[in-house]
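As structure tokens, the structure follows; a few thoughts come after it.
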Number of protein chains: 2
Amino acid sequence: MFSKACEYGIRASIFIAEQSLLDRKVSLKDVAEAIDSPAAYTSKILQKLSRNNIINSDKGPTGGFSMGKKELEKVKLSSIVFAIDGESIYNGCGLGLKKCNEKMPCPVHNQFKMIRDELKKMLETTTVLSLAVDYEKGFSFLKR
Amino acid sequence: MFSKACEYGIRASIFIAEQSLLDRKVSLKDVAEAIDSPAAYTSKILQKLSRNNIINSDKGPTGGFSMGKKELEKVKLSSIVFAIDGESIYNGCGLGLKKCNEKMPCPVHNQFKMIRDELKKMLETTTVLSLAVDYEKGFSFLKR
DNA sequence: TAAATAGTGGACAATTTTATCCAATATAAA
DNA sequence: TTTATATTGGATAAAATTGTCCACTATTTA
Ligand code: FES
Ligand code: FES
């Protein structure tokens with residue numbers, strides 16, 4: 001479904017959001033441990049999220065990653081997926097043709113379109129904040 | 001969504017099904033041209049489909065790939081996806097945790113489960129035959 | 001200002017996926 | 001029985017993704 005990088009990105013964002021709710025900045029190491037991911041690789045992903053204004057990062061001692069109120073309010077899962085995996089979820093063809101195309105559809109176009117549109121809607125309406133709140137309550141897990 | 005191999009596998013199956021409806025066996029080359037895929041790679045995929053009794057293959061002159069009436073009647077998209085990509089579509093976690101797990105769900109479990117269940121249902125109810133019939137009528141395309 | 005800390009960026013390595021090549025096998029027809 | 005044809009299987013190769021290492025920059029604090 002998503003690339004490994006994107007999975008890490010989503011999990012990291014939820015963790016950072018949750019800690020930000022508690023007014024805590026977190027270090028790369030914190031994130032990697034919280035979501036059980038390779039630190040150096042995670043670093044690249046956080047950089048990308050940072051450049052896309054999904055999280056912010058501060059250097060130096062007392063530095064780390066965090067999300068401000070604005071980000072917490074507006075970041076949806078779709079923002080993260082788009083930043084990391086690009087627009088393939090939106091215009092990719094389920095059978096790998098160059099692009100999804102209504103006029104010259106692949107054999108499963110109609111079936112795929114329905115499911116993809118729901119996925120899209122889900123990603124666009126689910127906020128990282130809401131997921132972070134649930135996570136904070138212990139309802140969900142970022143590693144096992 | 002699916003691996004490239006799986007995409008080729010589905011497209012190949014639809015083409016083979018359609019040609020079988022016209023009582024034609026097709027060669028590897030025919031398939032690769034019809035779906036615009038690398039022949040040697042496609043060969044591996046057809047072998048896997050053949051070993052899983054999704055298509056049959058005959059060696060020697062007049063040989064080639066085909067689907068019999070039984071296969072045409074019972075092969076669903078899910079058979080192909082399962083044969084090539086395995087069960088990850090069924091039990092994989094959307095955020096990459098070891099396995100999807102109701103008891104210790106990842107933060108997007110509920111949202112994902114809904115979509116994945118629909119995808120699953122779609123794959124399990126869509127026959128290759130129905131897609132082949134539409135393709136035969138010129139309603140859909142296997143390459144562009 | 002010096003030292004310690006934390007993210008950044010670039011090069012590089014490992015792994016997985018995708019793709020190619022070729023000899024071997026099976027089969028049909030001449 | 002020979003020849004031609006078509007799939008099979010194994011060994012490689014190329015490309016993409018995932019993962020690592022390390023020197024550098026920015027920043028805080030002593
Ligand atoms: S053309 Fe294949 S999904 Fe739309
Ligand atoms: S636990 Fe992640 S999708 Fe079910």
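Naming convention: chains lettered A, B, ... in sequence-line order (proteins, then strands); numbering from 1 in each chain.
At a threshold of 4.5 Å between non-hydrogen side-chain atoms, the residues A/K69 and A/E73 count as touching. Looking only at side-chain heavy atoms (C-beta outward), A/F141 and A/Y135 stay at 4.5 Å or farther from each other.
Side-chain atoms of A/K143 come within 3.5 Å of backbone N or O of A/E33 as a donor-acceptor pair. No donor-acceptor pair closer than 3.5 Å links the side chain of A/D85 to the backbone N or O of A/V81. A donor-acceptor contact shorter than 3.5 Å is absent between the side chain of B/T126 and the backbone of B/L123.
In this structure, the NZ atom of B/K29 is 13 Å from the C1' atom of D/dT5, given to the nearest Å. Nucleotide D/dT7 holds its C1' atom 11 Å from the CD1 atom of B/I55, rounded to whole Å. In this structure, B/N56 atom CG and D/dT8 atom C1' are separated by 16 Å, rounded to whole Å. Rounded to whole angstrom, the span from the OH atom of B/Y41 across to the P atom of D/dT7 amounts to 19 Å. What separates CD1 of A/I35 from C1' of D/dT18 is a distance of 14 Å, to the nearest Å. Atom NZ in A/K4 sits about 16 Å away from atom C1' in D/dA16, given to the nearest Å.
Along DNA chain C, the nucleotide nearest to A/S27 and the one nearest to B/K59 differ in position, and the one closer to the 5' end is contacted by A/S27.
Phosphate contact (OP1/OP2 of D/dT7, side-chain N/O of B/R51, threshold under 4.0 Å): absent. For the pair B/Q47 and D/dG9, the criterion of a side-chain N or O lying under 4.0 Å from OP1 or OP2 is met.
Applying the ring pair (Phe, Tyr, Trp, His ring centres under 6.0 Å) test to B/F2 and every residue at least two apart in sequence or in another chain returns A/F112.
Within a 6.0 Å radius of NZ in A/K4, more than 12 heavy atoms belonging to other residues, nucleotides or ligands are found.
The side chain of A/K44 lies closest to D/dT20, out of D/dG10, D/dT20, D/dT7.
DNA chain D is contacted by no residue of residues 7-16 of chain B, taking any non-hydrogen atom closer than 4.0 Å.
Within the nucleic acid shown, B/V31 has no heavy atom closer than 4.0 Å to any nucleic acid atom.
Between chain A and DNA chain C, the heavy-atom contact criterion of under 4.0 Å yields a 5' to 3' nucleotide range of C/dA4 to C/dG10.
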